[in-house]
2 protein chains.
Amino acid sequence: MENKRRPGRTRSTEVGEVRTLERGLHLLEALSEAETLSLSELARRTELSPSTAYRLLETLRKRGFADWDEDRGLWKVGLRAYQVGSAFLTRGGLVDAAMPEMEKLVDELNETVNLAVLDGNEAVYIAQVEGRQLIRMFTRIGARAPLYCTGVGKALLMGHSEAETRRMLGAGPFRAFTDKTLTSPEAFLSAIGEAQKRGFALDNEEREEGVRCIAAPVRDNRGKVVASMSLSAPASRVPDERLDGLGQRVRRAADAVSARLGWAG
Amino acid sequence: MENKRRPGRTRSTEVGEVRTLERGLHLLEALSEAETLSLSELARRTELSPSTAYRLLETLRKRGFADWDEDRGLWKVGLRAYQVGSAFLTRGGLVDAAMPEMEKLVDELNETVNLAVLDGNEAVYIAQVEGRQLIRMFTRIGARAPLYCTGVGKALLMGHSEAETRRMLGAGPFRAFTDKTLTSPEAFLSAIGEAQKRGFALDNEEREEGVRCIAAPVRDNRGKVVASMSLSAPASRVPDERLDGLGQRVRRAADAVSARLGWAG
DNA sequence: ACAGATTTTGCGTGTATTGAAAAATACCCG
DNA sequence: CGGGTATTTTTCAATACACGCAAAATCTGT
């Protein structure tokens, strides 16, 4: 869907194409992709003349977006590019990267899908796409939830060591929201273990009677778990037979987001 | 040295400075720094005419380096910038070398650990492993901090000569964040001297009331200080009696990273 | 020391970029 | 609704600026 809510776009002249800037960005991309990065090699890949590539790179370097390894005579991506790029996640970029997949999930399965991140030792919901079913979920954007009794919480901890997980959970016993709530660290850790084997986590009416959630972790470019995506539905619509299929589907969606963020794993 | 100056109001371009690219990069930086980012606001900050800023941003958007939030009418950093920037980490390998040690530290001591490098005359945080304590630290990846009042800053300067250190600090007096902040170059240099003797640097509530940091330098294969690692914690958890023990521990971690980078020293 | 390849610099040319201003659009408030 | 204001896109002519050529430095291997 393109943004066609600008009726004034009558002309077909492609506006906003500044060649010099495009070339510079292209160089940056080439820098981030390749391994061996001499000036001549870069010029070849970007199809620029050496002198042009040189001047652009020099500009990138002066701004810190590129670095010049004097010993090896090779170029690489600079600190400034990293700084600017890392603003992406904190400026709502994570949500942008995830929304398309979340919407796909909802289109397909017609259940509410949430995205959550870790904050302190709680999960915080940062995005939601509602299913069209009439039953309303309890979570809202910005809401917080404990880790031990939610799908997103479990998925968020799937990347962490047992020691870390224990620390974040605290000693227990945890408050039981329902009679299915896991109230001991041991029970939780065992659930996490299963989740890791399966690739997705489960909240089996542990927070709210009659609500099941299926969640999977989202990883950044280095493989660190930065968020988790969950599908929430009345237990009646998530019978045991469908569990595995739904789980795989949620996991695929989460993996797609991870891939977008540069996770190769 | 300016040998020939052009008549008129325009600044002549130095060697290897491509104005159009510089402007585009400047826009990216502005995008990464601020929160609310309308076109007009961006144009103001970068001192560009709205039409120029618009065209450059449009180019950035087409390449995915910037995003346009249609509903709010605001610009933000794009996914592509994130992908390109994250190549910085895989290139140097510094973070990869440091992360395991940082995680070990956090496992053991349960406090937040940061990794920073020198950029210009500031420290820039490039990696972080959070402790699980409830108290949250203020630093984020990509954030900048002065050298004179931080542990990482001091540790980064531990490898430099007094002359260099003075040059990077500037004349002083420095801004006092707390009443413990060292505001003169002399006081700072004396602190560095002590740090060199001990092998680790200390920020004793100099930046933030109630927060102590212990930091040690990381050296590359040639012994040059390329980064510093610090542990940050509420002062109450770093009493004087524990200072030396913690300092030695942080130093061991930093040395382990240095060893990984090939430093034999 | 020599040849060959690569990186920097200088310079004239042509055009891609620019800012003003206008047009289109969103926003505000009675 | 409707007119006024702020913001955004588009147009357009002038020229500052980026371009590529070619030559000069610099590096690399034998």
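Predicted, not measured: the structure shown is a model, and the values here were computed from it. Each chain gets a letter, A, B and so on, in the order its sequence line appears, and its residues count up from 1.
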TODO: Any chance you could lay out the salt bridge (Lys or Arg N to Asp or Glu O under 4.0 Å) test for E101(B) and R260(B), step after step, and finish with the verdict?
DONE: CA-CA 10 Å; E101(B) 291 299 329; R260(B) 251 179 230 251; 3.6 Å; yes
Task: Partners passing salt bridge (charged side-chain N to carboxylate O under 4.0 Å, His left out) against R61(A) (at least two apart in sequence or in another chain) - done: E58(A)
Show the distances under 3.5 angstrom between N or O atoms of the protein and N or O atoms of nucleotides 27-30 of chain D.
none

Task: Along DNA chain C (nearest heavy atom to each residue), the more 5'-positioned of L48(B) and S38(A) - done: S38(A)
Task: Comparing S51(B) and L39(A) on DNA chain C - which has the more 5′ nearest nucleotide - done: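 Counting from the 5' end, the first nearest nucleotide belongs to L39(A).
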Kindly list each side-chain donor-acceptor pair under 3.5 angstrom involving residues 146-155 of chain B, sequence neighbours excluded, with atom names and distances?
residue: Y148(B); atom: OH; partner: R175(B); partner atom: N; Å: 3.3
residue: Y148(B); atom: OH; partner: R175(B); partner atom: O; Å: 2.7
residue: T150(B); atom: OG1; partner: P146(B); partner atom: O; Å: 2.9
residue: T150(B); atom: OG1; partner: G153(B); partner atom: N; Å: 3.0
residue: K154(B); atom: NZ; partner: L202(B); partner atom: O; Å: 2.6
residue: K154(B); atom: NZ; partner: E206(B); partner atom: OE1; Å: 2.6
residue: K154(B); atom: NZ; partner: E206(B); partner atom: OE2; Å: 3.0

Open item on the list: Could you check whether the side chain of S49(A) and the base of dC21(D) have a donor-acceptor pair of N or O atoms closer than 3.5 Å, going by distance alone?
Closed with: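 Result: no qualifying N/O pair found.
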Can you give each donor-acceptor pair under 3.5 Å made by side-chain atoms of residues 80-89 of chain A, sequence neighbours left out, with the distance rounded to 0.1 Å?
residue: R80(A); atom: NE; partner: E29(B); partner atom: OE2; Å: 3.3
residue: Y82(A); atom: OH; partner: I126(B); partner atom: O; Å: 3.0
residue: Q83(A); atom: OE1; partner: R144(B); partner atom: NE; Å: 3.2
residue: S86(A); atom: OG; partner: Y82(A); partner atom: O; Å: 2.9
residue: S86(A); atom: OG; partner: Q83(A); partner atom: O; Å: 3.0

Atom pair distance, as rounded to whole Å: [atom1] in [X] and [atom2] in [N]:
{"X": "Y54(A)", "N": "dA18(D)", "atom1": "OH", "atom2": "C1'", "result": "16 Å"}
{"X": "R72(B)", "N": "dA26(C)", "atom1": "CZ", "atom2": "P", "result": "18 Å"}
{"X": "E22(B)", "N": "dC17(D)", "atom1": "CD", "atom2": "P", "result": "11 Å"}
{"X": "L74(B)", "N": "dC27(C)", "atom1": "CG", "atom2": "P", "result": "11 Å"}
{"X": "W75(A)", "N": "dT8(C)", "atom1": "CH2", "atom2": "C1'", "result": "11 Å"}
{"X": "L57(A)", "N": "dT7(C)", "atom1": "CG", "atom2": "P", "result": "10 Å"}
{"X": "E58(A)", "N": "dG10(C)", "atom1": "CD", "atom2": "P", "result": "13 Å"}
{"X": "D69(B)", "N": "dA26(C)", "atom1": "CG", "atom2": "C1'", "result": "15 Å"}

Task: side chain to side chain contact (heavy atoms under 4.5 Å, CB included) between L25(A) and L21(B), worked out - done: CA-CA 9 Å; L25(A) 297 177; L21(B) 179 54; 5.5 Å; no
Task: Beyond-backbone contact of R91(A) with S32(B), side-chain heavy atoms, under 4.5 angstrom - done: no
Task: Cationic N near anionic O, under 4.0 Å, D96(A) to K76(B) - done: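 Yes, D96(A) and K76(B) are salt-bridged.
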- [ ] Could you tell me whether E41(B) and R44(B) make a salt bridge, using a distance below 4.0 angstrom between a side-chain N and a carboxylate O?
- [x] yes
Look for any protein N or O under 3.5 Å of an N or O in nucleotides 14-17 of chain C and output each such pair with its distance, or none.
residue: dT17(C); atom: OP1; partner: R19(A); partner atom: N; Å: 2.6
residue: dT17(C); atom: OP1; partner: T20(A); partner atom: N; Å: 2.7
residue: dT17(C); atom: OP1; partner: T20(A); partner atom: OG1; Å: 3.2
residue: dT17(C); atom: OP2; partner: R19(A); partner atom: N; Å: 3.3

Side chains of residues 250-258 of chain A: which donor-acceptor partners sit under 3.5 Å, not counting sequence neighbours?
residue: S258(A); atom: OG; partner: R219(A); partner atom: N; Å: 2.8
residue: S258(A); atom: OG; partner: A254(A); partner atom: O; Å: 3.1

- [ ] Could you check which of dC19(D), dA21(C), dT7(C) has an atom nearest any side-chain atom of L56(A)?
- [x] dC19(D)
Open item on the list: Check the phosphate of dT8(D) against S40(B), side-chain N and O only, distance under 4.0 Å to OP1 or OP2. Yes or no?
Closed with: yes
